[in-house]
Asks: 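Sharing a structure below in structure tokens format, with a few things to ask.
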Amino acid sequence: MREDEKKKFYTYMVRCNDGSLYTGYTVNSVEDRVDKHNAGNGAKYTKSRRPVTLVYVEEFETKEQAMKREYEIKNYSKIKKENLIGIRNT
């Protein structure tokens with residue numbers, strides 16, 4: 001495998017139409033994953049909360065790192081998630 005063909009793994013957050021945040025992980029293309037969410041083919045959680053908008057991305061070298069970060073973020077409070085993406089509630 002050539003270096004430029006090496007897979008990248010991402011942990012991402014989307015803001016759903018109802019204002020909630022969904023965190024997931026994907027391989028190679030966050031944009032394709034967001035498109036799947038918006039087409040109703042993503043997570044069950046986002047299916048009824050479309051459209052979703054990408055608000056946060058982190059890149060990792062391994063699937064395990066991305067999944068570990070996804071789990072960590074999913075356990076954050078909503079305030080901590082909002083702070084992570086740079087939005088402070090007033």
Side-chain angles (χ1 to χ4, degrees):
M1 180 180 289
R2 293 182 1 220
E3 184 63 31
D4 60 344
E5 294 176 343
K6 188 175 180 184
K7 289 182 180 180
K8 293 291 183 179
F9 301 88
Y10 300 91
T11 300
Y12 65 93
M13 258 193 291
V14 293
R15 184 171 306 280
C16 299
N17 192 37
D18 65 358
S20 64
L21 294 166
Y22 173 81
T23 305
Y25 83 92
T26 192
V27 180
N28 290 335
S29 178
V30 176
E31 293 80 12
D32 288 348
R33 187 66 180 145
V34 172
D35 289 346
K36 284 185 180 182
H37 283 294
N38 281 323
N41 299 320
K44 184 178 178 182
Y45 182 85
T46 60
K47 194 170 191 168
S48 64
R49 294 171 171 84
R50 295 178 286 158
V52 302
T53 305
L54 183 65
V55 294
Y56 187 78
V57 178
E58 289 183 32
E59 182 180 299
F60 299 92
E61 295 294 320
T62 69
K63 178 180 177 180
E64 292 75 19
Q65 290 170 326
M67 290 178 72
K68 182 178 178 182
R69 183 63 170 148
E70 174 196 23
Y71 179 78
E72 183 178 78
I73 293 171
K74 281 186 172 186
N75 285 293
Y76 283 2
S77 67
K78 181 156 187 199
I79 291 171
K80 192 167 182 178
K81 290 177 188 177
E82 294 285 359
N83 287 337
L84 182 64
I85 62 175
I87 297 173
R88 304 221 183 268
N89 293 328
T90 56

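None of the values given here were measured: they were computed from a predicted structure.
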Asks: Can you confirm whether V52 sits close enough to Y22 that some side-chain heavy atom of one is under 4.5 Å from a side-chain heavy atom of the other?
Replies: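 V52 vs Y22: side chains apart.
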Asks: Would you kindly confirm whether V57 and F60 end up in one hydrophobic cluster when ILVMFWY residues are joined by side chain heavy atoms under 4.5 Å apart?
Replies: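 In one cluster with V57: F60, no.
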Asks: Can we say E82 and R15 salt-bridge, meaning some charged N sits less than 4.0 Å from an Asp/Glu carboxylate O?
Replies: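 The answer is yes: the pair qualifies as a salt bridge.
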Asks: Report yes or no: do V55 and V34 belong to one cluster of Ile/Leu/Val/Met/Phe/Trp/Tyr joined by side chain heavy-atom distances under 4.5 Å?
Replies: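 Hydrophobic grouping puts V55 apart from V34.
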Asks: Do the side chains of E70 and K74 get close enough for a salt bridge, i.e. N-O under 4.0 angstrom?
Replies: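 Yes, E70 and K74 are salt-bridged.
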Asks: Below 4.5 Å, heavy atoms only, C-beta onward: do Y25 and K63 meet side chain to side chain?
Replies: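 Yes - at least one pair of side-chain heavy atoms lies under 4.5 Å apart.
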Asks: How about Y45 and S20: does a side-chain donor come under 3.5 Å of a side-chain acceptor?
Replies: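 There is such a pair (donor and acceptor under 3.5 Å, judged by atom type) between the side chains of Y45 and S20.
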Asks: Do K7 and E61 meet the salt-bridge criterion of a basic N to acidic O distance under 4.0 Å?
Replies: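 Answer for the salt bridge query: no.
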Asks: Cluster question for you: counting only ILVMFWY and a side-chain heavy-atom cut-off of under 4.5 Å, with indirect links fine, are L21 and Y56 together?
Replies: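 Same hydrophobic cluster.
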Asks: According to a 4.5 Å side-chain heavy-atom criterion applied to Ile, Leu, Val, Met, Phe, Trp and Tyr, with indirect links allowed, do I85 and L54 form part of one hydrophobic cluster?
Replies: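 Shared cluster, no.
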Asks: Within the structure provided, determine whether R50 and N17 are in side-chain contact (heavy-atom separation under 4.5 Å).
Replies: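 Sidechains of N17 and R50: no contact.
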Asks: Could you tell me which non-hydrogen atom of T62 sits nearest to which non-hydrogen atom of F9, and how far apart they are?
Replies: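 T62 and F9 have their closest heavy atoms at C-CD1, 3.5 Å.
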Asks: Compare every heavy atom of Y10 with every heavy atom of S29, then report the nearest pair and how far apart it is.
Replies: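 Reported closest heavy-atom pair: N-CE1, 4.4 Å.
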Asks: Apply side-chain contact (heavy atoms from CB on, under 4.5 Å) to the pair T11 and E72, showing each step before the final yes or no.
Replies: CA-CA 10 Å; T11 300; E72 183 178 78; over 6 Å; no
Asks: Does the side chain of E58 reach to within under 4.5 Å of the side chain of I73, using non-hydrogen atoms?
Replies: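 E58 reaches I73 side chain to side chain.
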Asks: Taking all non-hydrogen atoms of both residues into account, name the closest pair between T46 and C16 and its distance.
Replies: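 Heavy-atom minimum between the residues: CG2-SG, 4.1 Å.
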Asks: For Y12, which of R69, E59, H37 qualifies under side-chain hydrogen bond (donor to acceptor under 3.5 Å, both in side chains)?
Replies: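 Passing option: H37.
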